[in-house]
2 protein chains.
Amino acid sequence: MSAKRLSIVDIADKLNISKTTVSFILNGRAQEKRISAELVERVLKLVKEVGYKPNSLAKSLRTGKSNTIGLMVENISDPFFSAIARLIEDRAYKNGYKIIYCSTYNDTQKTKELINMFRDRHVDGYIMSPPEGIEEDITSLLNDHMPVVMFDRYLPTVDTDYVVINNQFSAYNATQHLIGQGYKNIALITFFSNQTQMADRVKGYKMALKENDLKPLVKELPFTLNKKNLIEPVTSFLKSKKNIDAILFGTNHDATCGLKVMQSLGISIPNDIAVVTFDDSDAYELHTPQITSIAQPIEEIADNVITILLNKLDKKTEFEKNQAITLHTELIIRGSSKSSK
Amino acid sequence: MSAKRLSIVDIADKLNISKTTVSFILNGRAQEKRISAELVERVLKLVKEVGYKPNSLAKSLRTGKSNTIGLMVENISDPFFSAIARLIEDRAYKNGYKIIYCSTYNDTQKTKELINMFRDRHVDGYIMSPPEGIEEDITSLLNDHMPVVMFDRYLPTVDTDYVVINNQFSAYNATQHLIGQGYKNIALITFFSNQTQMADRVKGYKMALKENDLKPLVKELPFTLNKKNLIEPVTSFLKSKKNIDAILFGTNHDATCGLKVMQSLGISIPNDIAVVTFDDSDAYELHTPQITSIAQPIEEIADNVITILLNKLDKKTEFEKNQAITLHTELIIRGSSKSSK
DNA sequence: ATGAAAGCGCTAACAA
DNA sequence: TTGTTAGCGCTTTCAT
């Protein structure tokens with residue numbers, strides 16, 4: 001067992017032909033090179049017989065193409081990102097691409113290093129939910145003609161393809177819904193960031209309030225992997241703001257934590273406080289009462305992202321206009337935001 | 001911008017030395033090769049200045065090492081697996097390894113192909129939660145001296161390292177807990193598989209019942225990504241078995257689905273039916289009542305897995321005994337399994 | 001219609 | 001102490 005791995009030369013030698021010929025045949029250029037059908041057949045047969053597989057490293061070194069996509073998400077263990085990752089992975093593999101992935105944890109420095117690693121490994125394209133402060137690195141990537149597709153958020157000063165949702169309207173719409181149900185003291189609890197998606201959510205929320213002459217109240221949380229770190233700030237916030245009658249959560253992470261706090265404080269939903277959150281999840285459907293959520297079109301997001309990237313990867317002509325795709329969310333109204341008044 | 005990427009020769013030329021010297025210095029063999037500290041300094045300075053990065057493909061081609069780990073999980077969007085993936089990824093990157101990952105969906109054929117892809121890409125080691133029927137492929141990997149670490153389950157007929165939990169005892173213990181609370185008609189609802197973890201869970205469940213002269217009732221579900229496919233079988237099962245007073249779910253996937261069905265059927269927990277499930281999750285803590293769960297030691301699992309693999313990767317001497325690590329779960333008793341009698 | 005040979009960027013045995 | 005050189009396995013130009 002474990003015989004030395006065969007190389008293209010071995011194949012060529014066994015058939016007493018040159019490795020060039022084998023290479024042409026294996027790369028589907030037999031026609032073009034007018035290699036006899038008979039020879040093609042023999043080569044293919046032997047290849048199958050001995051289970052020869054070209055060494056992809058050598059191939060990559062030579063061609064400069066690695067058939068690898070670098071996928072950088074905020075956190076692979078977040079349900080939103082892992083769902084997207086799974087769908088992207090599927091399509092990528094089906095198209096002959098492998099995925100190298102990593103989580104950025106919104107850490108700029110870490111992301112810079114990761115980009116370097118990816119670059120170093122000659123990934124053919126990048127998919128990322130970028131943290132702030134890496135505009136330069138991305139620009140440098142683009143200058144090297146690397147395709148980069150962003151999702152969930154984008155960098156306003158960098159011209160790339162991206163796929164996002166209509167964050168501002170989604171937040172606006174959700175807030176209007178709460179207002180329509182008679183709530184007047186609506187807080188927004190969200191992790192703090194200048195990233196576009198967050199900025200837009202805050203904007204939409206404030207706009208709805210303004211239109212109704214209500215006062216915004218935003219509680220910004222730090223970005224943290226550990227929900228435990230959020231318990232304390234959320235608890236003290238809820239304890240100090242007794243007049244809040246509704247909350248909009250900016251992400252599922254924030255909401256899950258917020259719900260736990262409300263549970264432990266004995267706050268009744270929606271009687272004491274109504275709840276709406278970004279991102280849907282089984283947990284919200286199972287919750288009593290069920291939680292109203294702003295559901296992102298996960299499949300559509302993943303689909304658009306990978307389609308755009310595969311397209312760019314296909315064409316030599318990479319001088320197409322970049323695409324900015326904005327998808328729509330669905331406000332799923334459930335018990336947590338029904339008026340109790 | 002986007003100047004042609006520098007190679008080691010460029011560095012050597014600029015300094016009028018040979019690329020060998022540069023290579024030695026960059027690989028920390030300057031001492032050993034007694035290269036003058038002064039030269040080392042000059043090289044390092046230039047390298048930093050121009051931002052030279054060795055081409056890792058070329059390096060891999062030459063050394064046969066890719067500094068890549070292949071990670072194959074059942075489904076990256078499952079919270080259990082994505083949590084493990086995140087932790088493994090972290091440690092891997094900290095140790096200079098990248099991760100190529102994929103989801104197997106328990107599909108044997110797909111997994112075979114993926115193993116070939118990984119092998120093709122010269123990953124240095126494998127981490128996987130293996131589906132059934134790939135014993136041969138793994139054996140072949142082992143014969144080629146590739147380190148393979150399994151987790152969540154293992155293949156009884158293949159001698160590899162693996163990290164699992166004490167499934168049988170965990171199921172036994174949970175079932176005993178239900179019995180202790182006075183429940184007598186305890187069903188096990190789980191996705192069907194001959195994989196070790198599932199077989200052991202069923203075994204533990206049955207053993208507890210037998211000890212108490214109770215009758216087992218196992219509802220096997222198909223493996224499916226889409227929870228919708230489980231709704232129907234679970235619903236009809238619950239409708240037809242009116243005398244069930246408690247359920248043990250085999251995975252979080254099954255439980256989440258089961259809870260939805262119970263919700264829609266208006267089954268009260270624990271009054272009508274008590275519930276315990278494998279795998280803990282925020283959703284269960286948020287559920288009303290909170291769901292008793294068998295919590296797996298995620299950090300410990302990930303930690304052991306990656307530690308074992310990194311060790312193997314480090315040593316040239318790979319002829320150490322394989323490790324079989326069995327970790328313990330924690331039965332977190334909550335409202336869903338408290339006696340109502 | 002097929003082959004020889006150069007070279008992708010790197011490491012390491014061997015020379016000097 | 002440093003350099004020469006032969007590959008790793010593949011693609012591709014240029015010959016034949």
Side-chain angles (χ1 to χ4, degrees), chain A residues 3-44 46-47 50-68 119-122 124 144 316, chain B residues 3-44 46-47 50-68 119-122 124 144 316:
Chain A
K4 189 88 207 71
R5 199 170 144 157
L6 294 161
S7 89
I8 195 170
V9 195
D10 298 317
I11 302 293
D13 284 356
K14 288 201 191 189
L15 260 27
N16 273 317
I17 57 178
S18 97
K19 58 177 180 172
T20 311
T21 310
V22 179
S23 173
F24 283 147
I25 293 175
L26 259 29
N27 289 309
R29 301 179 57 187
Q31 289 262 49
E32 173 192 340
K33 293 293 174 181
R34 295 191 231 179
I35 295 171
S36 70
E38 183 266 338
L39 218 200
V40 171
E41 180 117 344
R42 271 169 56 214
V43 170
L44 260 26
L46 180 62
V47 163
V50 300
Y52 164 73
K53 295 264 182 189
N55 180 326
S56 59
L57 284 176
K59 198 167 187 163
S60 295
L61 176 60
R62 181 61 229 238
T63 61
K65 203 180 172 200
S66 65
N67 278 294
T68 306
R119 182 182 276 233
D120 190 57
R121 305 223 94 218
H122 295 240
D124 297 327
D144 289 350
K316 310 296 160 209
Chain B
K4 190 88 208 71
R5 199 171 145 158
L6 295 160
S7 88
I8 196 170
V9 196
D10 298 317
I11 301 294
D13 284 356
K14 287 201 190 187
L15 259 29
N16 273 318
I17 57 178
S18 98
K19 59 177 179 172
T20 310
T21 311
V22 179
S23 173
F24 283 145
I25 292 176
L26 259 30
N27 290 310
R29 301 178 57 187
Q31 289 262 51
E32 173 193 339
K33 293 292 173 180
R34 294 191 232 179
I35 295 171
S36 70
E38 182 266 338
L39 219 200
V40 172
E41 180 118 343
R42 271 169 55 215
V43 171
L44 258 26
L46 179 62
V47 163
V50 300
Y52 163 74
K53 293 263 182 190
N55 180 327
S56 57
L57 283 177
K59 199 169 186 160
S60 295
L61 177 59
R62 182 59 231 238
T63 60
K65 201 178 174 201
S66 65
N67 278 293
T68 306
R119 183 183 274 236
D120 191 58
R121 306 223 95 219
H122 295 241
D124 297 328
D144 289 350
K316 308 297 162 208

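Everything numeric here is computed off the predicted structure, so don't read it as measured data.
B/Ser23 contributes no side-chain N or O that, together with a main-chain N or O of B/Lys19, makes up a donor-acceptor pair within less than 3.5 Å.
Distance, B/Arg121 CZ to D/dG9 C1': 15 Å, rounded to whole Å. The distance from atom CD of B/Glu41 to atom P of D/dT1 is 17 Å, rounded to the nearest whole Å. In this structure, CZ of A/Arg34 is placed 12 Å from P of C/dT2, rounded to the nearest angstrom. What separates CD of A/Glu32 from P of C/dT2 is a distance of 14 Å, to the nearest Å. In this structure, B/Arg42 places its CZ atom 9 Å from P of D/dT2, rounding to the nearest Å. Residue B/Asp13 contributes atom CG, which lies 11 Å from atom P of D/dG3 at whole-angstrom precision. Rounded to whole angstrom, the span from the CG atom of B/Leu61 across to the P atom of D/dG9 amounts to 7 Å.
Within the 4.0 angstrom heavy-atom criterion, only backbone atoms of the sugar-phosphate kind lie near B/Asn16; the bases stay farther away. Residue-level contact check: A/Leu39 touches the backbone only, with heavy atoms under 4.0 Å from sugar-phosphate atoms and none from bases. At the heavy-atom level, B/Leu57 lies nowhere under 4.0 Å from the strands shown.
B/Val43 has its side chain within reach of B/Ile17: a pair of non-hydrogen atoms, C-beta onward, lies under 4.5 Å apart. Using a 4.5 Å cut-off on side-chain heavy atoms (C-beta onward), A/Arg42 and A/Leu39 make contact. The closest side-chain heavy-atom distance from B/Asn27 to B/Lys59 is below 4.5 Å. Residues A/Ile25 and A/Ile35 are in side-chain contact: their nearest non-hydrogen atoms beyond the backbone lie under 4.5 Å apart. Proximity of B/Leu26 to B/Tyr52: side-chain heavy atoms (C-beta onward) are separated by under 4.5 Å at one or more points.
Under a cut-off of 6.0 angstrom, the local environment of NZ in B/Lys53 is sparse, with at most 12 non-hydrogen atoms contributed by other residues, nucleotides or ligands. Counting non-hydrogen atoms of neighbouring residues, nucleotides and ligands closer than 6.0 angstrom, the CD atom of A/Gln31 reaches no more than 12 such neighbours.
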Inset, instruction - For each nucleotide in nucleotides 10-16 of chain C, reading 5' to 3', give B when a protein heavy atom comes within less than 4.0 Å of its base, S when such contact involves only the sugar-phosphate, and - otherwise. - result: BBBB---
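Between the axis at the start and the axis at the end of the helix from C/dA1-D/dT16 to C/dA16-D/dT1 there is an angle of 50°, using five pairs per end and rounding to 10 degrees.
In this structure, CG in B/Asn67 is found 7.0 Å from CZ in A/Arg121, a value given to the nearest 0.5 Å.
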